[in-house]
Asks: 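Structure provided below as structure tokens; questions to follow.
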Number of protein chains: 2
Amino acid sequence: MIIRIEPESEIPIYIQLTNQIIIGIAKGDLQPGDSLPSVRSFAADLGVNMHTVNKSYHELEKRGIIEIIPKSGAVIRKTLHIDRDTYNRLFEMFQPLIAEALVLGMTKEELVDLVEGIMKKMST
Amino acid sequence: MIIRIEPESEIPIYIQLTNQIIIGIAKGDLQPGDSLPSVRSFAADLGVNMHTVNKSYHELEKRGIIEIIPKSGAVIRKTLHIDRDTYNRLFEMFQPLIAEALVLGMTKEELVDLVEGIMKKMST
DNA sequence: TAATGTGTTCTATTTAATGTAGAACAATTT
DNA sequence: AAATTGTTCTACATTAAATAGAACACATTA
């Protein structure tokens, strides 16, 4: 799985990493039950600090995407059906993006096409 | 138009304001050609600092949503069809959200329903 | 004309976020 | 036994975020 970190980006490194891990899971590069690299080895590979990777892992855990097993490792969780709190959180995240797309001139059809186009690149 | 600022949120105030203005435009509460309040009066209404509102306005201008006319005011732009850079920017914003929704167990149908449901609440 | 309101710009301060760094710990794994 | 694991702690530097006050040039209004 390929991770690209752009240190000069305005997006914090730990968020870049978090997003790319999520995309990797969605694409099937990482599957439920798989382990993520240790924070130390991953940090060495990416050329960032151990604590930055650790922050990503805890962000993923907070969102219910991985399970961190102390003294062992980080494992991709098997996801059941979405719960109400998570649905509401996703709603709040999608709303401003959809509003912006419409305000900037996308039609509803174009927006649905964009979303479906992105989904087609994901396997799960 | 109703703006709710939550000072205790982890989301910066200027982003909360930016998002809610965008949603207000998408819903039709604000229309192209309308003026936004002055940074001073808006800041007074919201109970935040003038510079915070100013930052929101410049964020909206950078995204092509409003036009700031020096010594005059901020006006909602009439949007033409979306350009390539804007499309790519929206793509990069949507991708991690869609991936997360799928990873957390939403089906593609549920995700399209969520997006269409949010769109239905917008008029434009 | 005089007064007010406008966005802009500047300095300044405080707090929080971000990223890096090093060390030590207890538990697991090899 | 040795190496690796996530955790925790302190520490430091830089940037972001938010507030505050002042002054400026220009526009609008009374």
Side-chain angles (χ1 to χ4, degrees), chain A residues 1 3-22 25 30 32-77 93 96, chain B residues 3-22 25 30 33-77 93 96:
Chain A
M1 181 186 163
I3 301 284
R4 311 177 293 104
I5 296 299
E6 301 179 12
E8 303 306 315
S9 170
E10 79 283 359
I11 302 173
I13 296 173
Y14 81 96
I15 293 181
Q16 294 183 47
L17 180 56
T18 301
N19 284 342
Q20 292 189 41
I21 291 172
I22 292 171
I25 298 171
L30 294 167
D34 286 351
S35 288
L36 292 174
S38 76
V39 292
R40 284 180 177 83
S41 64
F42 211 174
D45 288 346
L46 298 173
V48 301
N49 193 272
M50 167 190 67
H51 300 92
T52 304
V53 176
N54 194 252
K55 191 168 184 179
S56 280
Y57 283 10
H58 280 274
E59 183 68 27
L60 289 166
E61 187 181 45
K62 193 173 71 176
R63 299 193 203 168
I65 295 173
I66 68 173
E67 181 180 5
I68 300 177
I69 304 172
K71 319 305 174 192
S72 174
V75 180
I76 314 292
R77 288 185 55 181
M93 293 168 73
Chain B
I3 301 283
R4 311 177 293 103
I5 297 297
E6 300 180 11
E8 302 307 315
S9 169
E10 80 282 357
I11 302 173
I13 296 172
Y14 83 96
I15 293 182
Q16 293 183 47
L17 180 55
T18 302
N19 283 343
Q20 292 189 40
I21 291 172
I22 292 172
I25 298 171
L30 295 168
D34 286 351
S35 288
L36 291 174
S38 76
V39 292
R40 284 180 177 81
S41 64
F42 211 175
D45 288 346
L46 298 174
V48 300
N49 193 271
M50 168 191 66
H51 300 91
T52 304
V53 176
N54 194 252
K55 190 168 185 178
S56 279
Y57 283 10
H58 281 274
E59 183 68 27
L60 289 166
E61 187 181 46
K62 193 172 71 175
R63 298 193 204 170
I65 295 173
I66 69 173
E67 181 181 5
I68 299 177
I69 304 171
K71 319 301 175 193
S72 175
V75 181
I76 313 291
R77 288 187 54 181
M93 293 168 73

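Here is the naming used below: chain letters follow the sequence lines, and residue numbers restart at 1 for every chain. No hydrogens, no waters, no symmetry mates; every other heavy atom, side chains included, goes into these values. These numbers come from a predicted model, not from an experiment.
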Asks: Sequence neighbours excluded, which residues qualify as side-chain hydrogen bond (donor to acceptor under 3.5 Å, both in side chains) partners of A/S41?
Replies: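 A/S38.
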Asks: Taking salt bridge (charged side-chain N to carboxylate O under 4.0 Å, His left out) as the cut-off, I'd like each qualifying pair that reaches into residues 63-77 of chain B, sequence neighbours left out, listed once.
Replies: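 Qualifying pairs: A/E100-B/R63, B/E59-B/R63.
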Asks: To the nearest 0.5 Å, how far apart are CG in B/L17 and CZ in B/R4?
Replies: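 Spacing of CG (B/L17) from CZ (B/R4) equals 12.5 Å.
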Asks: Under a 4.0 Å heavy-atom cut-off, which of residues 7-17 of chain A touch DNA chain C?
Replies: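 Output list: A/P12, A/I13, A/Y14.
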Asks: Using five base pairs at each end, measure the axis-to-axis angle across the helix from C/dT1-D/dA30 to C/dT30-D/dA1 and round it to 10 degrees.
Replies: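 The two end axes of the helix from C/dT1-D/dA30 to C/dT30-D/dA1 meet at 30°.
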Asks: Could I get the full list of side chain to side chain contact (heavy atoms under 4.5 Å, CB included) partners for A/P12, not counting sequence neighbours?
Replies: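 In terms of side chain to side chain contact (heavy atoms under 4.5 Å, CB included), with neighbours along the sequence ignored, A/P12 is linked to A/Y14, A/I15.
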Asks: For chain B and DNA chain C, what are the first and last nucleotides along the strand, 5' to 3', with at least one atom under 4.0 angstrom from a heavy atom of the protein chain?
Replies: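 Terminal contacting nucleotides, 5' to 3': C/dT6 to C/dC10.
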Asks: Mind checking side-chain hydrogen bond (donor to acceptor under 3.5 Å, both in side chains) for B/E10 and listing every partner two or more places apart, or none if nothing turns up?
Replies: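 For B/E10, no residue satisfies side-chain hydrogen bond (donor to acceptor under 3.5 Å, both in side chains) once neighbours in sequence are set aside.
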Asks: Can you find a heavy atom in the side chain of B/D34 that is under 4.5 Å from one in the side chain of B/I25?
Replies: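 No, every pair of side-chain atoms sits at 4.5 Å or beyond.
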Asks: I'd like a table of donor-acceptor pairs (distance under 3.5 Å, sequence neighbours excluded) in which one partner is a side-chain atom from residues 45-53 of chain B, with atom names and distances.
Replies:
unit_1	atom_1	unit_2	atom_2	d
B/N49	OD1	B/H51	N	2.9
B/N49	OD1	B/H51	ND1	2.7

Asks: Quick one: pull up CD1 in B/I11 and CE in A/M93 and give me the separation to the nearest 0.5 Å.
Replies: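 Between B/I11 CD1 and A/M93 CE, I get 9.0 Å after rounding to 0.5 Å.
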Asks: Between A/I65 and A/T18, is a side chain to side chain contact (heavy atoms under 4.5 Å, CB included) present by the stated rule, with each step listed?
Replies: CA-CA 10 Å; A/I65 295 173; A/T18 301; over 6 Å; no
Asks: First locate atom CD1 of A/I22, then atom CG of A/L30, and finally report the distance between them rounded to the nearest 0.5 Å.
Replies: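 The CG atom of A/L30 is 11.5 Å from CD1 of A/I22, to the nearest 0.5 Å.
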Asks: At a cut-off of 3.5 Å, list every protein nitrogen or oxygen paired with a nitrogen or oxygen from nucleotides 5-7 of chain D, distance to 0.1 Å.
Replies:
unit_1	atom_1	unit_2	atom_2	d
D/dT5	OP1	A/S38	OG	3.1
D/dT5	OP2	A/S38	OG	3.3
D/dG6	OP2	A/V39	N	3.1
D/dG6	O4'	A/K71	N	3.4
D/dG6	N7	A/R40	NH1	2.8
D/dG6	O6	A/R40	NH2	3.1
D/dG6	N2	A/K71	NZ	2.5
D/dG6	N3	A/K71	NZ	3.0
D/dT7	OP2	A/N54	ND2	3.3
D/dT7	OP2	A/H58	NE2	2.9
D/dT7	O4	A/R40	NH2	3.4

Asks: If I compare all heavy atoms of B/Y57 with all of B/I21, which pair ends up nearest, and what's the gap?
Replies: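 Between these two residues, the closest heavy atoms are CE1-CD1, 4.2 Å.
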Asks: State the CD-CD1 distance between B/Q20 and B/I3, to the nearest 0.5 angstrom.
Replies: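 B/Q20 atom CD to B/I3 atom CD1 measures 5.0 Å (nearest 0.5 Å).
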